[in-house]
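Numbers here simply count residues along the sequence, with the first being 1.
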Amino acid sequence: MLRIKRVYDLPSETDGKRILIDRLWPRGIRKDKAKVDLWLKDLAPSEDLRKWFSHDSTKFEEFKARYTKELDSKREMLLELAREAKKSHITLLYASKEKRYNHAVVLKELIDKLMEDMK
């Protein structure tokens, strides 16, 4: 099972493995409070893409296309996450206040598709 959650939300026993997928450490949160099991900075959008997007919902479709293209070179990492998510709970953590238009939504969608293709 794979889900996404803000890193600022309280950890839960149902989170399973908690993986931070932001390039930068979230402001104002201590590492021990975040309860992050793994920090995969390389799965975050590039700095240029992140700055261009700036969580502007009108740019989301273009952001999604560009980010997906960036992730093409990270296919093995995505496949590993998909295999792991098929066996156990994984929660992808992100810092954005925007819950619908962020990179975690795109990443989850891609990994869900990979899991579906594994059937």
Side-chain angles (χ1 to χ4, degrees):
M1 179 176 173
L2 180 68
R3 66 176 155 175
I4 59 175
K5 183 176 187 179
R6 286 194 75 222
V7 69
Y8 298 101
D9 294 341
L10 290 174
S12 163
E13 286 190 27
T14 60
D15 287 345
K17 188 172 190 175
R18 293 169 52 87
I19 302 173
L20 180 63
I21 55 168
D22 284 348
R23 190 165 302 282
L24 306 173
W25 187 262
R27 287 187 206 168
I29 191 164
R30 293 185 357 219
K31 290 185 180 182
D32 61 327
K33 289 270 188 192
K35 298 206 187 286
V36 170
D37 297 306
L38 184 62
W39 185 8
L40 295 179
K41 298 177 197 179
D42 291 341
L43 288 182
S46 66
E47 186 175 345
D48 288 342
L49 182 57
R50 181 180 58 83
K51 286 179 179 178
W52 170 82
F53 176 47
S54 190
H55 298 286
D56 179 347
S57 63
T58 64
K59 295 180 178 178
F60 187 68
E61 288 306 314
E62 179 64 22
F63 167 77
K64 186 175 175 179
R66 291 182 187 189
Y67 181 42
T68 300
K69 186 171 180 161
E70 285 186 357
L71 289 170
D72 283 348
S73 65
K74 313 265 192 298
R75 185 164 172 80
E76 277 307 311
M77 282 177 98
L78 298 176
L79 284 168
E80 182 58 37
L81 285 173
R83 286 190 284 270
E84 197 170 332
K86 282 185 76 77
K87 293 186 244 173
S88 60
H89 294 281
I90 293 180
T91 300
L92 302 176
L93 303 170
Y94 65 94
S96 173
K97 291 179 184 175
E98 175 54 62
K99 293 187 178 195
R100 290 180 35 205
Y101 303 107
N102 68 62
H103 71 289
V105 171
V106 178
L107 191 57
K108 182 183 182 311
E109 190 176 291
L110 290 172
I111 296 170
D112 282 343
K113 174 81 169 94
L114 288 172
M115 287 191 304
E116 190 176 299
D117 293 345
M118 288 179 180
K119 291 182 181 177

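The environment of NE2 in H89 is sparse: at most 12 heavy-atom neighbours from other residues, nucleotides or ligands sit within 6.0 Å. Residue-environment remark: CZ (R75) stays at or below the threshold of 12 foreign heavy atoms within 6.0 Å.
With sequence neighbours excluded, the residues that form a side chain to side chain contact (heavy atoms under 4.5 Å, CB included) with K64 are F60, E61, T68, V106, E109.
Note that the CG atom of L81 and the CG atom of L114 stand 9.5 Å from one another [nearest 0.5 Å]. We find the CD1-CG distance between I21 and L92 to be 4.5 Å, quoted to the nearest 0.5 Å. Here the straight-line distance linking atom CE of M77 with atom CG of L40 works out to 4.5 Å at 0.5 Å rounding. Atoms OG and CZ, from S46 and R66 in turn, are 9.5 Å apart once rounded to the nearest 0.5 Å. Separation of atoms CH2 (W25) and CZ (R30) is listed at 11.5 Å; rounding is to 0.5 Å.
Residues D15 and K35 fail the side-chain proximity criterion, which asks for heavy atoms closer than 4.5 Å. A 4.5 Å side-chain heavy-atom check between K99 and I4 finds every atom pair outside the cut-off. Residues P11 and T91 fail the side-chain proximity criterion, which asks for heavy atoms closer than 4.5 Å. You'll find the side chain of H55 stays beyond 4.5 Å of the side chain of Y101, heavy atoms only. Here the side chains of P45 and E70 are in contact, with some heavy-atom distance below 4.5 Å. Between L78 and L107, the closest side-chain pair of non-hydrogen atoms falls below 4.5 Å. Side chains of L2 and K108 form a contact here, defined as non-hydrogen atoms less than 4.5 Å apart.
Checked by atom type and distance alone, the side chain of E84 never pairs as donor or acceptor with a backbone atom of I90 at under 3.5 Å. In this structure, the side chain of R50 does not engage the main chain of A44 through any donor-acceptor pair within 3.5 Å. Remark: side-chain polar atoms of K5 are paired, donor with acceptor, to backbone N or O of L10 under 3.5 angstrom. A donor-acceptor contact shorter than 3.5 Å is absent between the side chain of W39 and the backbone of L24. A distance-only check finds a donor-acceptor pair linking the side chain of N102 to the backbone of V105 [under 3.5 Å]. Within the 3.5 Å criterion, the main-chain N or O of R18 finds a donor-acceptor partner in the side chain of D37.
Pairing each heavy atom of Y8 with each of P26, the nearest pair is OH-CB, 3.3 Å.
One hydrophobic cluster holds both I111 and F63 under the rule that ILVMFWY side chains link at heavy-atom gaps under 4.5 Å. Hydrophobic clustering, with ILVMFWY side chains joined whenever heavy atoms are under 4.5 angstrom apart, keeps L20 apart from Y67. The cluster map of Ile, Leu, Val, Met, Phe, Trp and Tyr, joined by side-chain heavy atoms under 4.5 Å apart, puts W52 and L43 in the same cluster. Hydrophobic clustering, with ILVMFWY side chains joined whenever heavy atoms are under 4.5 angstrom apart, keeps M1 apart from M115.
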Exercise. Does the side-chain contact (heavy atoms from CB on, under 4.5 Å) test come out yes or no for L49 and H103, once each step is laid out?
Worked result: CA-CA 10 Å; L49 182 57; H103 71 289; over 6 Å; no
Exercise. Step by step, would you call E47 with K51 a salt bridge (charged side-chain N to carboxylate O under 4.0 Å, His left out)?
Worked result: CA-CA 6 Å; E47 186 175 345; K51 286 179 179 178; 2.8 Å; yes
For this session: Starting from the C-alpha separation in whole Å, work towards a yes-or-no answer on salt bridge (charged side-chain N to carboxylate O under 4.0 Å, His left out) for E116 and K113.
Result: CA-CA 5 Å; E116 190 176 299; K113 174 81 169 94; 5.1 Å; no
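A donor-acceptor pair shorter than 3.5 Å can be found between the side chains of T58 and D56.
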